[in-house]
Amino acid sequence: MPDTKDNAGRIEEGAALKPRFGSLQPKDFIRAIVCADLEANKNNGRVMTRFPPEPNGYLHIGHAKSICLNFGIAAEVEGGKCNLRFDDTNPAKEDVEYVEAIKADVRWLGFDWENRLYYASDYFDQLYRYAVELIKMEKAYVCSLSADEIREYRGTLTEPGRESPYRNRPIVENLELLEGMKAGKFEEGAHVLRAKIDMASPNLNMRDPVIYRIRKAAHHRTGARWCIYPMYDFAHALSDSIEGITHSICTLEFEDHRPLYDWFLDRLNVPCHPQQIEFARLNLSYTVMSKRKLLELVKEGRVKGWDDPRMPTLVGLRRRGYTPESIRNFSERIGVAKRDSLVDVALLEHSVREDLNLRAPRVMAVLNPVRVVLVNYPEDRVEEIEAVNNPEDFNAGTRKVPFSRVLYIERDDFREHPPKKFFRLSPGSEVRLRYAYIIKCVGVVKDEKTGEITELHCTYDPSTTGGSTPDGRSVKGTLHWVSAAHAVEAEVRLYDRLFLVPDPNDETDGRGFMDYLNPDSLKILTACRVEPGLADATPGSLYQFERHGYFSVDPDSAQGKPVFNRTVGLRDSWAKIEKAQKAGGAV
RNA sequence: UGGGGCGUCGUCAAGCGGUAAGACACAGGUCUUUGGAACCUGCAUUCGGAGGUUCGAAUCCUCCCGCCCCAGCCA
């Protein structure tokens, strides 16, 4: 792990004497600002951003948007840099478990902070010195009001606040008190350090905000060395400055904090004054994004953990089968702006399909098997059928798949009474088995009691090797299949959206997001049959099950007993037709 | 009834005084041994509303309407 103590992003002298543009384009309002700054030679042509997560939870797709923005901009500018900085100012909520997970996620997404891994806690000494400076300037004071009293004194949205009776404590007394706080002489809540700004400000953030509070909790990095911790507004602005950040990009809810951000930097003798720019956070339809809600899903057991494939967390998406490329493309497509929006998950799904279409090897898997006996095929004959691994990529080559007299096909691919436009298998109809032969259904065997179809009898046409039709007859349907004697049994987990409504965050009718959970967000199929080549598929690898969708091999897989997660289904135009037929009555 | 933001196609989103990009979705079609993919076509006479300025406005001005955020010793 790189040492971060001595190289905390010092502003390199003479780092850039002329603007460096790199590939940066003004695609969005933030890049437009950066471009303009570069042209004006602001910051000496230097561009430095940062991604500042608090290590109190797992990263989700919303963070990915921010990561792609911050690391993206830095990468697009010649000499641009993006730091990874943990905003670890609240030991009660934070944990090393999260810092490690976050680092892994950022790396997985494809970004590199090189040796610039920082922690706000690296700056605690410096931050403390800044606080002392503020006191000496009479711009900060130790307030001994209780938390409740402070709230009361703060006023409301429409009424100004009142000044704390401790507001005009002498400098020496403030200094002594702060020293005492730092030394652990007081209990939590006894005192806080506040900035002395304006209790009548219409911006509540400016009503003498707390900048240090006593917290006697062990910090995951500094241990018990400190018992006072700086608040976000103070720590963040100054950390940005210490690292020489030029553009401090954050989400909209911090817009009201910008005057405070600037206030600290304008008063203190700091290395530089970064520009804070706010953009709208990502909202995705049919999902929730707040850490609180995600945590609740995990704690209440509604999902199996942070990496449950239904979670919008990066670990969840990864396990589901999403690739870093697809997430980066998605981030690019959604754009960056300031208006609140709800992005359609379909766009995310499109992004994976697009990526996986090009790279996922194709394979045959029967999810809901029904037996097919080729009555005119020799009993013990086994053919090795050649199949293309990826029609989008001829370099992917071919493979052999065993074919024999008894096969499995998808139960859905047979209809005893086929609806209009159904060109799969039905009594008397012909259909092609992918890469193999054309078969015709000549008999249906049912369970006497339940009426369930247990077996289909078909004949195969030996002249149609490889699925060709030498006589030129056209066979519309092509089915995937698997040889019963050779297939491997597999578990397949079919995921669907976690929520039933586009915006589960909407509480206007008194319901909460938990009320909108989709009871069918996970369907586990245990009797699936896949090609023998998949017996020992490597966890994490990705496949396309032909005619079904994209699947990732789950870590729960065991030798000879693979488990697959459906990443996303293929577009299914038959499903659309069928739905339309049902909706429009007959035909 | 305080302050800060935002309102352009179903969903994102360009546009920055010269006459509405693109993507997803959707609808048709071509092709096809994945009803996949690919490809083609269609999809806002109109930019929250009303006035005004201008030869000309989504872009400028005025008023109005709607939505989001802020009263943690959270970030």
Side-chain angles (χ1 to χ4, degrees), chain A residues 27-28 32 52-54 56 87 89-90 92-94 143 145-148 150-152 154-161 188-194 201-207 209-215 228-229 231-233 235-236 250-259 278 280 282 285 291 330 332-351 353-354 357-358 362 364 388 391-392 421-424 432-436 438 464 466-469 475-480 502 544-549 569-578:
Chain A
K27 287 188 297 190
D28 53 67
E54 181 187 12
N56 69 343
D87 231 321
T89 56
N90 186 357
K93 294 187 174 178
E94 297 152 7
C143 180
L145 252 23
S146 70
D148 286 343
I150 286 182
R151 189 183 317 121
E152 243 180 86
R154 186 153 32 225
T156 68
L157 294 179
T158 51
E159 305 156 19
E188 287 189 13
H191 308 286
V192 291
L193 183 69
R194 294 227 253 167
S201 172
N203 181 344
L204 303 212
N205 294 123
M206 300 301 269
R207 319 243 264 227
V210 171
I211 57 182
Y212 262 101
R213 77 294 212 186
I214 300 169
R215 229 16 41 120
I228 57 172
Y229 292 90
M231 297 285 288
Y232 166 83
D233 291 294
H236 201 84
C250 62
T251 42
L252 249 30
E253 66 271 26
F254 293 105
E255 212 152 14
D256 285 338
H257 295 241
R258 196 188 335 140
E278 312 84 11
L282 170 68
S285 63
K291 279 184 190 171
F330 170 74
E332 202 157 299
R333 257 186 264 252
I334 58 177
V336 180
K338 293 192 75 160
R339 74 183 77 129
D340 289 315
S341 59
L342 183 62
V343 175
D344 194 338
V345 257
L347 187 56
L348 215 213
E349 294 172 346
H350 167 80
S351 299
R353 279 200 200 95
E354 181 184 59
N357 176 45
L358 300 177
R362 264 103 271 215
M364 293 192 284
V388 173
E392 304 290 329
K421 286 187 182 166
F422 181 86
F423 37 83
R424 272 117 98 146
R432 170 167 31 238
L433 293 180
R434 177 137 240 226
Y435 301 124
I438 285 166
T464 57
S468 64
T469 53
V475 174
K476 263 204 144 176
T478 299
L479 310 186
H480 59 276
Q544 184 198 93
F545 287 179
E546 294 219 27
R547 306 209 301 134
H548 278 303
L570 249 24
R571 291 171 80 217
D572 187 349
S573 46
W574 165 244
K576 272 184 195 170
I577 293 168
E578 198 177 28

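Below, chains carry the letters A, B, ... as their sequence lines are ordered, and counting in each starts from 1.
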Are OP1 or OP2 of [N] and a side-chain N or O of [X] less than 4.0 angstrom apart?
X        : N      : result
A:Arg353 : B:rG36 : no
A:Arg207 : B:rC70 : no
A:Arg213 : B:rG72 : no
A:Arg339 : B:rG7  : yes
A:Arg424 : B:rU34 : no
A:His480 : B:rU34 : no
A:Arg215 : B:rC74 : yes
A:Thr89  : B:rA75 : yes
A:Arg258 : B:rC70 : no

Between B:rG2 and B:rC60 - C1' atom distance, rounded Å: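 Each nucleotide's C1' atom is 29 Å from the other's.
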Whole Å only: how far is the [atom1] atom of [X] from the [atom2] atom of [N]?
X        : N      : atom1 : atom2 : result
A:Leu348 : B:rA23 : CG    : P     : 19 Å
A:Leu204 : B:rC69 : CG    : C1'   : 11 Å
A:Ile577 : B:rC26 : CD1   : P     : 13 Å
A:Asp28  : B:rA23 : CG    : C1'   : 15 Å
A:Lys338 : B:rG7  : NZ    : P     : 10 Å
A:Asp344 : B:rC24 : CG    : P     : 12 Å
A:Lys576 : B:rA27 : NZ    : P     : 5 Å
A:His350 : B:rG36 : NE2   : C1'   : 14 Å

Please check: side-chain N/O of [X] versus main-chain N/O of [Y], any donor-acceptor pairing under 3.5 Å?
X        : Y        : result
A:Thr464 : A:Ile438 : yes
A:Asn203 : A:Asp256 : yes
A:Glu354 : A:His350 : no

Need to verify one output field. Residue with the more 5' nearest nucleotide on RNA chain B, A:Arg434 or A:Asp256?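 The 5'-side residue here is A:Asp256.
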Paired nucleotide for [N] [Watson-Crick or G-U wobble; both distances under 3.5 Å]:
N      : answer
B:rC60 : B:rG52
B:rG66 : B:rC6
B:rA20 : none
B:rC39 : B:rG29
B:rC47 : none

Residue [X], side-chain heavy atoms: nucleotide from [options] that is nearest:
X        : options                : value
A:Thr156 : B:rA71, B:rA37, B:rC74 : B:rA71
A:Glu392 : B:rC73, B:rA37, B:rC24 : B:rA37
A:Pro202 : B:rA25, B:rU34, B:rG2  : B:rG2
A:Ala337 : B:rC69, B:rA14, B:rA25 : B:rA14
A:Leu347 : B:rC74, B:rG3, B:rA23  : B:rA23
A:Asn90  : B:rU34, B:rC68, B:rA75 : B:rA75
A:Glu54  : B:rA75, B:rC73, B:rG5  : B:rA75
A:Glu253 : B:rG2, B:rA75, B:rU34  : B:rA75
A:Leu570 : B:rU34, B:rC73, B:rG2  : B:rU34

Would you mind classifying the nucleic acid contact of [X] as base, sugar-phosphate or nothing, using non-hydrogen atoms under 4.0 angstrom?
X        : result
A:Pro53  : nothing
A:Ser146 : base
A:Phe254 : base

So which heavy atom on [X] is nearest to which on [Y], and how close?
X        : Y        : value
A:Arg194 : A:Val210 : CD-CG2, 4.0 Å
A:Thr89  : A:Ala235 : CG2-CB, 3.7 Å
A:Arg207 : A:Thr156 : NH2-O, 2.7 Å
A:Arg353 : A:Gly569 : NE-O, 2.7 Å

Distance-only donor-acceptor test, A:Glu278 side-chain atoms vs B:rG4 base atoms, 3.5 Å: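 By the distance-only test, no, there is no pair.
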Any donor-acceptor pair, under 3.5 Å, between the side chain of A:Arg333 and the base of B:rU11, if you only look at N and O atoms?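 There is none.
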Any donor-acceptor pair under 3.5 Å linking the side-chain atoms of A:Thr478 with those of A:Arg432?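 Present: a donor and an acceptor within the cut-off.
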